[in-house]
Structures are given as structure tokens and as C-alpha cells.
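Just so it is clear: chains get the letters A, B, ... in the order the sequence lines come, proteins before strands, and each one is counted from 1.
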Amino acid sequence: MFRPSQRLLTAADYSQVFKDPDHKAGQKELLLLARHNDLAQHRLGLAVAKKHVPTAVKRNIIKRLAREQFRVLAQETPAMDIVVLTRPGARDASSTHIKEALKKQFARLGLSASPS
RNA sequence: GGAGUUGGCCAGACGAUCGCGGUAUUGUGCAUCUUUGAUGCGGGAUACGGAGGAAAGUCCGGGCUCCAUAGGGCAGGGUGCCAGGUAACGCCUGGGGGGCGCGAGCCUACGGAAAGUGCAGCAGAAAGGAAACCGCCUUUCUUGGACCGCUUAAGGCUGUUUGUUCAGCUCGACGUGGUUUAUGAGGAGGGUAAGGGUGAAAAGGUGCGGUAAGAGCGCACCGCGCGGCUGGUAACAGGCGCGGCGAUGGUAAACCCCACCUGGAGCAAGACCAAAUAGGAAUCCGUUGGCUGCGGCCCGCAGUGGAUUCGGGUAGGUCGCUAGAGGCCAGCGGCGACGCUGGUCCCAGAUGAAUGAUCGUUCACGACAGAACCCGGCUUAUCGGCCGACUCCUCUA
RNA sequence: GCGGGUGUAGCUCAGGGGUAGAGCAUCUCGUUGCCAACGAGAAUGUCGACAGUUCAAAUCUGUUCACCCGCU
């Protein structure tokens, strides 16, 4: 389930994270920005640029994988707003590669997958 | 066994768990109201089904929607061997011509240049009702060479004379006349299109005869044109006769001519519901007309005052949206594309836009790639695999 | 998704069948003590790619690739 309350909805939400991120984690394909919020849960924002990933199918897969990874996060850690950005290297990366990259970068933010 | 041609099919498979979007059924929460029921939204359970052969490029054709029911003329655009198929096509099938290949087979924008206009740089003599540069032939003139005749200075020989001399013969510069038959150079006139050279292209080709040299000048074959005939629906093919071919070169993906086709825009079309502006100001034009629909023009039809500037404002939802020139099977007609008849099936419909992740088994380890109104084609991308038909070569019997 | 447009020198653009140009930039020389400006000269293109038509293609035709613009 991916409810509206778990998403970054407005431009203001996004710009807050862009402007003043508490944590950054990235590699050739991806960049994650995170900022602590006052809410009870994490929120996710996606920015998958057409410039970086030209085909719609590939963009959808990346977004889906990011949501999947977000979904299995442990909820114990302090709640954060997280934005997933693509970088030019994402164009030629395979879906398994993207998945590994997401897992790794989420871990660097101190957010590991819940054991359940 | 090897090499090759061609038609069609498949697009990893199976299972489990989680997740994504749709439809149906069924609970549920919230909101509204015509308040014990409806409608809408959110989320849940169950069941069913969920990308392609190219979904791509947008190169053609059609359906559908609106503009007039899609109308008339001109312009513009497209197609271009013939016949058929089709809703239609620039597509497909069959046939013809041409080209390539030993062959199966493949390729082919393939109407008209004797209706007209244009174009062809450079080179070349000449580039389109052509001309004669070199060359070849011929007539004539001039001038050489060679030969012959005549004449003659000098010379030679013989005779004569003491000698000068004289006579005869011979040779013969120069001059002059003629010939030139395997003759040089030049001028003028004529013939010629064989040959040379230039060019992408030089006005039928090859051979024999013929001629002063040559030439369709004549003949044979091929090519071309015209007219019958035969076969074929036709394109066209075959054969006969005629024309000697200075006529009719090339280019029409140059203008053009001929035949046929062609109105415009596109689902962001368009329809409906709700909200908002609901026409506020200024200037100009006009009411036999103008403007808009309408895409170049005119006619016609319909609607209506119009244009510009300033100021203000809206863009949320539903339908269109998938049952269709549909798929599969069988029979019949047709060489075939395809058509007809019967049976059977329902097979994605999203709107930030759905197919993935994990695990297991297995194989030949998986390419190009993702629907957005729908369909028929073409083109382009593509790992491989399967089936059928055929050709050539080699070997064995 | 639908519609339209553009690819020519390092950059901005002409050229629309006869063998490719302009401006700026670059290089050389002159001028100057040096630089700029100025003057003189030079170099530079598979005309986005592949086929076709033509004697000949940047130009005409088809296919293809890349980029840009408009419509919610």
C-alpha cells in the first residue's frame, strides 16, 4: 500500500528536502536526499527524469523498485522525507543493478529493511 | 553430406509467495441528497483475464468525429506496364517487358520525348532539323623532284690545222616545252562521313559487295518504324509484308501532356455535466457589404456586426474507449491474393499512465523492444529455434 | 499521442542540377617598443547517413538518424 500520506505531494514538500537535506547518499545511477520530519511515518518522493531515462517502461520500473524498497523499510527509525533522484548513469543500468543500488543507498541513510 | 533459395510459425517453460492496473460479485468507511435507499469517492475480499511481431518510425490507406448532406470550377497534391483482390491504398496476388544468377529464384517509380517549352558546365570542328579540325578522294593553279625533247656556255673524244681555228659526235649547267600512271609542298573549289581525336552522349550495328574516296549506295542478319494476320481479357508475344532508316538522340524523381484518384482538420477530434467569464473600457472599420465556419482563389451553403489594444478570468469530471473490414476451426469457389457459407470464442483499456521482485525446477540460457481511438499495409530494429517446398554440387546404391 | 520544422567551415547563416560561399573566429606577414585596432594573404568542409534518378546531386526522389517547435 502506498497511500497519499506516505508521499511527498506538493512542490513545497520537495523544495524543503532539496534545500536543506539532513542526509545524502548517492552513486553513479542514483541520489537520495533525506530530511527529518515531524510526522509519524516516512514519506517518499520520486524524481525520475526523462532526460536520464528516455523510455517510459524503464522509468516505471525504477519508480516501482523504489516504492518496493521504501515499502519494506523498518518503521522504528526516526521519520524522514526521502527523495529519490536519478542520475545519467541510470540510462544503461539493468533493473537488478538498480535494485542493488537502491538497497545500498537506503542502507547508507541508516534505513535498513525490516527483518519481517 | 555440403552450399543456397523461398513460404510460414514461435518469441524461454512450469510452480509458489508478495506487489501493480482492469472488470464482475460482495462487504465496509466517508460525503451528498429526493434520508432506512440511491449516487459518488476511498480502501478490502473472491473470481476472471492483463502488451507486440514489430506495440516503433508516422511513410501511405481507411473507419470514426466535427466543419454543409461534403457541393461546383480553377489551382495544388498523388499514383503511373496489364489484369485481378480489397473498405481503401503508394499494399497484395497473378501475368508481361527489362536486368542479375549455372539454377531454385531475386530486383525493377516500367505511360508519353514524331503537342510544345527548356536544359547539357568543361572538352571538342561540331551538342540537335549540325558541322567539316585532322584525315581520305577529286578538279584546278603554283612550285619542286624525276623522266623525255629542244637549245646552249664551259668541258670530253675524234678528225683537221704548226697553232689559233673549224667540223662531227657525246655529255649537258642555265633556259624552255611536255609527261608524271606507287611523286613532294602549298593555294582555291568540290565530294565524303569509313578512320583519328573530345565527350556521358557525335545521328542505326556487324559482315560482304560497291566506289575516285566513301556512304543503307546495294544485299544478308540484328535493331527501328508502319500496316495486316495469329494467340492472349489485356500488357505483350510470334510470324508476314512494306519502309532504306538525314527519322524519331538524351533528360518528364525539368516544366509539361495523357489517364485515374484527391474537400479540410484530427480522439489534445468531438459530445455532455459542473464552475467561471457571463462581456468591462478605448480606438477603428462596416451595415447593396464585411467577418467567421474554410485549409490557395472564385462560386455556393450556414452563422453573425467585425478587428485591434488594455484589463479580468477558466481549463475539474464523465463519455468517446473498445464486439472488430475480429480471432479460431471446417467446407466450398479461385493458380493465387482473396471471397462465400456454417460452427465456435470474447481476447488490455490505463490517464504521472498497469507485467515486476524473490525462491525452486528445467532447457538450446532468452534479441529488438511496452498499447494510449481503432484497423489494413509499408519501412526500420531483432538472440535464436521449429516446420514445409525447391535448386546446385559431391558421394553411395 | 497528434501536427510541423531544421541538419552546409570551429560558430551564425547563404546557395534549390554544372563540382561550395559570406560574416565572425583561427594562422602567417606588415604596422607598433608591446598589445588592440587596421591593411595584405592563407588554411578549413565524406553539405547528418544510406540508396536511387541523371552524363553530372549540397540541390531532385525514397528510406533512415539526430535535434527543435506547437497543441493539454
A.B. asks: On a whole-Å scale, what distance lies between the P atoms belonging to B:rG78 and B:rG61?
C.D. replies: 12 Å
A.B. asks: Taking atom P of B:rU358 as reference, at what distance in whole Å does atom CG of A:L65 sit?
C.D. replies: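 Distance, rounded to whole Å: 9 Å.
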A.B. asks: Can you tell me the pairing partner of B:rA16 across any strand shown, Watson-Crick or G-U wobble, with both distances under 3.5 angstrom?
C.D. replies: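 The base-pairing partner of B:rA16, which may sit in any strand shown, is B:rU358.
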A.B. asks: Looking at C:rC35, which nucleotide sits across from it as a Watson-Crick or G-U wobble partner, both distances under 3.5 angstrom, or is there none?
C.D. replies: none
A.B. asks: Within 90° of 0 counts as syn, otherwise anti: where does B:rG376 fall?
C.D. replies: anti
A.B. asks: Which nucleotide, if any, forms a Watson-Crick or G-U wobble pair with C:rA42, using both distances under 3.5 Å?
C.D. replies: C:rU26
A.B. asks: Does C:rG7 have a Watson-Crick or wobble partner in any strand here, with both distances under 3.5 angstrom, and which is it?
C.D. replies: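 When the pairing criteria are applied, C:rC65 turns out to be the nucleotide that pairs with C:rG7.
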A.B. asks: For B:rG72, decide between syn and anti, treating a glycosidic angle within 90° of 0 as syn.
C.D. replies: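 For B:rG72, whose glycosidic angle is more than 90° from 0, the conformation is anti.
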A.B. asks: C1' atom, B:rG22 versus B:rA371: distance in rounded Å?
C.D. replies: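 My reading of the C1' atoms in B:rG22 and B:rA371 gives 14 Å.
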A.B. asks: Would you measure the distance from the P atom in B:rG84 across to the matching atom in B:rG101 and give it in whole Å?
C.D. replies: 35 Å
A.B. asks: Could you state the interatomic distance from CG (A:L30) to CG (A:L85), rounded to the nearest 0.5 Å?
C.D. replies: 9.0 Å
A.B. asks: Distance check, P atoms only: B:rU138 and B:rU181, in whole angstrom units.
C.D. replies: 11 Å
A.B. asks: Please name the pair of heavy atoms, one in A:A101 and one in A:Q27, separated by the smallest distance, quoted to 0.1 Å.
C.D. replies: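 Closest approach of A:A101 to A:Q27, heavy atoms only: CB-NE2, 3.4 Å.
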A.B. asks: Could you check which nucleotide pairs with B:rU25 in any of the strands shown, counting Watson-Crick or G-U wobble with both distances under 3.5 Å?
C.D. replies: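 Here B:rU25 is engaged in a pair, and the nucleotide opposite it is B:rA45.
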A.B. asks: Is C:rG17 syn or anti, taking syn as a glycosidic angle within 90° of 0?
C.D. replies: anti
A.B. asks: To the nearest Å, give me how far apart CZ (A:R59) and P (B:rA369) are.
C.D. replies: 16 Å
A.B. asks: Would you say the side chain of A:H23 lies within less than 4.5 Å of the side chain of A:H36, judging by non-hydrogen atoms?
C.D. replies: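 Side-chain contact under 4.5 Å: yes.
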A.B. asks: Do A:V84 and A:L102 come close enough that some side-chain heavy atom pair is under 4.5 Å?
C.D. replies: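 Of all side-chain heavy-atom pairs linking A:L102 with A:V84, at least one is under 4.5 Å.
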A.B. asks: Go ahead and name the base partner of B:rU277; Watson-Crick or wobble counts if both distances stay under 3.5 Å, otherwise write none.
C.D. replies: none
A.B. asks: A:V57 has a side chain; which of B:rG370, B:rU358, B:rG356 sits nearest to it?
C.D. replies: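 Looking only at heavy atoms from C-beta outward on A:V57, the closest nucleotide is B:rG370.
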A.B. asks: Could you grab the distance from atom CD of A:E100 to atom CG of A:L65, nearest 0.5 Å is fine?
C.D. replies: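 The CG atom of A:L65 is 10.5 Å from CD of A:E100, to the nearest 0.5 Å.
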A.B. asks: For B:rU379 versus B:rU5, give the span between their C1' atoms, rounded off to a whole number of Å.
C.D. replies: 23 Å
A.B. asks: Is the shortest side-chain N/O distance from A:N60 to OP1 or OP2 of B:rG352 below 4.0 Å?
C.D. replies: no
A.B. asks: Write down the atom of A:Q105, the atom of A:G26, and the distance for their closest heavy-atom approach.
C.D. replies: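 Nearest heavy atoms, A:Q105 then A:G26: OE1-N, 3.3 Å.
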A.B. asks: Indicate syn or anti for B:rC390, taking the glycosidic torsion and treating anything within 90° of 0 as syn.
C.D. replies: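 Here the answer is anti: the torsion falls beyond 90° from 0.
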A.B. asks: Could you give the CD1-to-P distance, from A:I98 to B:rG356, as a whole number of Å?
C.D. replies: 15 Å
A.B. asks: What's the NE2-P distance between A:H97 and B:rG356, to the nearest Å?
C.D. replies: 19 Å
A.B. asks: Checking one value: the base orientation of B:rA51, syn if chi is within 90 degrees of 0, otherwise anti.
C.D. replies: syn
A.B. asks: Given the C1' atoms of B:rG42 and B:rG293, what is the spacing between them in whole Å?
C.D. replies: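 One C1' to the other, the span is 46 Å.
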A.B. asks: Distance check, C1' atoms only: B:rC148 and B:rA153, in whole angstrom units.
C.D. replies: 23 Å
A.B. asks: Does B:rC20 have OP1 or OP2 sitting under 4.0 Å from an N or O in the side chain of A:K63?
C.D. replies: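 For A:K63, the contact criterion (side-chain N or O under 4.0 Å from OP1 or OP2 of B:rC20) is not met.
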A.B. asks: Provide the distance between the two P atoms, one in B:rG266 and one in B:rA353, to the nearest whole Å.
C.D. replies: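 That atom pair is separated by 29 Å.
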A.B. asks: Which one is paired to B:rC291, where only Watson-Crick or G-U wobble pairs with both distances under 3.5 angstrom count?
C.D. replies: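 Check on B:rC291: paired to B:rG303, both distances under 3.5 Å.
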A.B. asks: Tell me which nucleotide, if any, is Watson-Crick or G-U wobble paired with B:rG312 when both distances must be under 3.5 Å.
C.D. replies: none
A.B. asks: Supply the atom-to-atom distance A:T86 OG1 to A:K63 NZ, rounded to the nearest 0.5 angstrom.
C.D. replies: 10.5 Å
A.B. asks: Once you round it to whole Å, what is the distance between P of B:rG19 and CG of A:L102?
C.D. replies: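 Between P of B:rG19 and CG of A:L102: 20 Å.
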